[in-house]
Structure formats: structure tokens, C-alpha cells
Amino acid sequence: MSTEAMKIRAVPGTVDVCLAQARRMARAQWLAAVAMAAGIAIGVGVLTWMGSTGAWGRSSLAQAVGRLHGALQVVAFLWPMMVTWRDEAPSRRTYHWSQPVQRMRHQLVRTAVGGAALAAALAAGGLAGWIVGALVQGGMASGGGEVFVASAGSLGLAYLLGSVPALLSDHAVLWLIGAYAASALLMTAWPALGWPGAHFLEAAVTHGRWSLGRALGAPAILSGAFGQGTATEHPEPWSALAVWLAVAAAGVIVAVSVRQERSGAT
Amino acid sequence: MTADPSHDAAVRSPAIQASELCKSYGKTPALRGASLTVPEGAFFLLVGPNGAGKTTTMRLLSGLDRLDAGELRVFGLDPAAEEARVRAQIGHVPEDGTLGPAPGRMRVAWLLEHQAAYRPSWDRAYEARLCRALEIRRDRRFGDLSKGQARRVQLVMALAHRPPLLLLDEPTDGLDPVVRERTLALLADHLSAMPTTVLLSTHHPHEAEKLADHVGVMMRGRVHFQGPRSVVSERVKRYRVLLPESGMDVSPPISVVRSRRSGRSASWVAWGAEADNRSRLVRAGIEIRSVETLTLEEATLAMLSEEES
């Protein structure tokens, strides 16, 4: 029996891996994705309908997206756990890792495919909401292109930030809640205790030109959903968005490069 | 202990070459300098008690875990540096739970289709044949399968792309006797049709009686013996003897690993060349009634007993 007889097998190409992941996600998680897209559609529809009733004046889709942004962000934060890595927390990810693909690359592909699925769900939900809004209002107000770009950027940021604990921990939701609670506590306690540097902390997290809050709230700021005060203080959220997208992408790279092994294998 | 490779009629290039492998999980050492050579085309039976390091060895081979120290090559490839290429050569039936469960919501048909997408050499017709033979229902969700059913699916996943190397970690664990027989027959058919190197870990060596041509014994993170099965057959034998009347409490003059006595009659499983052992027994005044070749299970048990002692 020679080496020639035992032909070395080829590895799959990147396109094959992406398609396999997309098919897998579409088949296994379609229900969760459809439910979330439906939620987005209903939300956008309701908000535009409220606009048509005069509650906020005539609504554009951009305004509806801006007002719904908080809810959309929750969806984007949870998407990595609820869709991308559902049923495959790190302790159950050996099946994924056992495929003939370099492990880091494979995790990045899955994360990217999950992001694409989120984008598709948002687009579908937005389109459905726009149709509903157009029907109830007799036509949607135009404009707001930059709101959609900011929305895509900040939801992408939320998805990447949510991906980091999903890549690293079996308890990603707890980590997210914990991080939120810890930062809220810190933001309250730090200034209250009169510790030095409180304004730097606020500048980095909430109010500053480069702050995370500004990056995550970009579409709401641009659509005026936060009120004009915040919008005029720092008129553009783009620099914060760019910085935090880079930080989150770096976080994902670090998370996929952490090699987790099954403890106690003998 | 490593057998002289010249005993192997056809000396072959190694499919697996591992030297001085060390691996710890936290503070728990799993491998402490294990060395293993599996010739290409060999059916290598790896035996050892729980915790010996067999599963860790297989996980290192498939690039799932990283070595702490040592050197490892699979078909000349380094699993740490070329994990994707190495895994493409491997069909792995893992110890229960280590490679799964696969996503529980996936139906068996999707799971197999997903596997096929990653394996350019996947043989659909062969997959269908294996599923029929193992009575696998493709419409079931993987999470709903019993342990034995999941094992069968894993076996199809390992075989259907006809890999050059099979890593089988307790592959018949959880199977009922009928399916176990069928599985072993399928494996034999597979090997007769396709040149494959097999590394099999099992607590039931008799299952590999007809297939194994190499044997390795692992204990406490090291490989204590490895070599062709013919060497095992030559070196470990059962000696049925009659002890002299005057020396009922005589200690065996040969390297006995298992002993049973009934009056003057004794049955000793012992290491060493038969001719040498015979002459030692005769010199000690012990009458040899018969010398028997052991089954694979008896031989591996004997080797394990010796290492434990």
C-alpha cells in the first residue's frame, strides 16, 4: 500500500465553506431569523403608522428606523447568540472545529455569514415596514440616506460587540448583561463618588465625540430621535462609529484567535 | 517498549509519527511523552485503561487540541500548522460527546449534506449505502437520536468521504450487538475496498481480532508497547504447567503477567521468547503441558497487567 494509493484529500475552497455555512444557517435558524425580521417589520410599520396618525408628524422610513433603533440594536446584539452560534456555544463547537478548515478562518466565515443574515433580515424587515408605512400614509417621505448608512454601521457594531462573548463564552448573554450593568454602575458611581477623571469616562462611553454611545446611537442622532441638543453638540457621529467599528472588529479577531480546548480529555 | 520494525514483513512509511507528545489540560497531564508510529495502511489497535491518553492522542492528531511539547506528523503534515489539510485526510469517530453533539436541530440528511460540502471526495452513493446498511433515518433530528443512532451517523460521516486515515475512538460504544457486528463488517468491507490507515481505540480488543495488524498499549500518558501483532503473538503466550511436588510454592522462573493455579497445575501468561521460557521452566523442574497462543484480547490484557504491575 503506497502513499500514491492513499491520495491526499483536498480542502474545501472559501466559497464552498461560505455557502455551506449559509445553507446551514438558513436551514437550522430560519425560524429565529424570520421571527426577528417580522419583529422589525412590525416595529417599522407601527412607527410609520403612528407618524401617519400625527403622533410625530408625517414619518419617513429614516425617522422610523431612528426611533426603532434601540430595539434593532437589541436584535443585533443578540443575533450572534440567537442565530449565528445558536446551539453551538464554545463547549459544543467541536463539530464546527472538526471540519477541514483552518479554525480561525472558519469562525470568521461563520461570523461574517451571520452578519450577512442579520443584514438580510434587517433589509427584509425594513422593506416590509416601508411597504406598510407607504400603504397607511399613502406614500413615504423620501430622504434619510445617511440614517440608513449610520444604521447599518451601528447595527454592525452591535453585532460585532455581541459576537465577542458569543465566540468566547457559553454564557454570552450573561456577559452582555453583566457588561451593560457594570458600565451603568460605573457611570453612575464614578461621578457620584467624586473620583477624578469622571468626565473622561463620560467622554469615552456616552457623550464624547468618540464615545461608544455616540457610535451606537448614530442613526438616532442623525434622524433627530434623540432631540436636537445632542445632535448639535457634536453634529456628526461618523468618527465615533469608525473608531468603535475598528475596536469591535479587533475584538472579534482576538476572540476567534483564542483557542479553546475541551478540558479533561484523556 | 517498541518492537523491532524488521518483524513487519513490509516496512512502510508512517502515516502517523508522534514523538514525545506532552499535553496537559490545566494542571492535569494527559500525555507525558507518548511516542507512536503507525505505518501507512496499518490497522493499529490502541488499548489502555480510562485516562491513558488515547482520546487526547486522537484529538491532537485531528488538530482539535494543540501539543504542549513533542512532534507530530500525519502523512508528513504538522496538524498544528496545517490543521485544515490534516483534517481533510481524517475520518474521525470520536469518543461519545467529544465531537458533538452536532447541532441538535439539524436533520441527519442536512448534517450529511453539510459534511459533504466540506469534503470534495464525499461519495453520495456510498453514503446512501452506509445509511441503508446501518438503518439510519435521514429525516430525524440529530438531537433526537439515541447514543447508538448518533454513533452510526458519525460512522457514516467518517467513512463516506473515504479518508486515507480513520481515527476510531470506541466506535462501537453504545451499539447493540447486532448493529455492532454489522458495523464491524462494514468497516472490514470498507478497508478491503479502500486502502486506509486505521487507528482504533477500544476497550473490546476482540472486536478488532480479525482486522488489527498492529497493537499499542497506552498507560498514564505514555505508549508502553507498540509493534506488529505478530510480535505480540510471539512474545506473550500462555504456559500450562505442572509444578513439582516438592515445590508447590515455587515462584515462576519466567516473566509471568497473569497467573492461575489449581493444586499442582498452573496457567501462566508470560512474556518472552518461547524457546527461552521453555528452557527456564525445564531447568526449574517444571513440566510444560502446553504452550498456547493468546487471542488479541488476552494478549492486550496481559500487556496491560504487566504495565500496571
Region of B/Glu82 that comes under 4.5 Å of a non-hydrogen atom in chain A: neither

Chain A contact via B/Arg162 - which portion, at a heavy-atom distance below 4.5 Å: both

Between [X] and [Y], is any pair of side-chain heavy atoms under 4.5 Å apart?
X	Y	value
A/Arg103	B/Glu83	yes
A/Arg259	B/Arg66	yes
A/Arg9	B/Pro164	yes
A/Asp87	B/Met106	no

Geometric class of the A/His106/B/Tyr118 ring pair [parallel <30°, tilted 30-60°, perpendicular >60°]: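 Plane angle over 60°, so perpendicular.
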
Residue pair A/Ala10 / B/Ala88: nearest heavy atoms and the distance that separates them: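 Closest approach of A/Ala10 to B/Ala88, heavy atoms only: O-CB, 3.7 Å.
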
Shortest non-hydrogen contact from B/Ala117 toward A/Pro12: O-CB, 4.2 Å

Interface moiety of A/Arg27 toward chain B, non-hydrogen atoms closer than 4.5 Å: both

Under 4.5 Å from any heavy atom of chain B - which part of A/Arg93: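 Contact with chain B is absent: no heavy atom of A/Arg93 under 4.5 Å.
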
Leading residue by heavy atom contact count with chain A [cutoff under 4.5 Å; candidates B/Arg85, B/Met218, B/Arg119]: B/Arg119

Interatomic distance, B/His92 atom NE2 to A/Thr94 atom OG1 [nearest 0.5 angstrom]: 10.0 Å

A/Tyr95 OH to B/Met157 CE distance, which is reported to the nearest 0.5 Å: 5.0 Å

A/His171 atom NE2, neighbour heavy-atom count above 12 within 6.0 Å: no

Whether over 12 other heavy atoms sit under 6.0 Å from A/Trp175 CH2: no

Main-chain N/O of [Y] paired with [X] side-chain donor or acceptor, under 3.5 Å:
X	Y	answer
A/Gln102	B/Ala84	no
B/Arg87	A/Trp97	yes
A/Arg24	B/Trp110	no

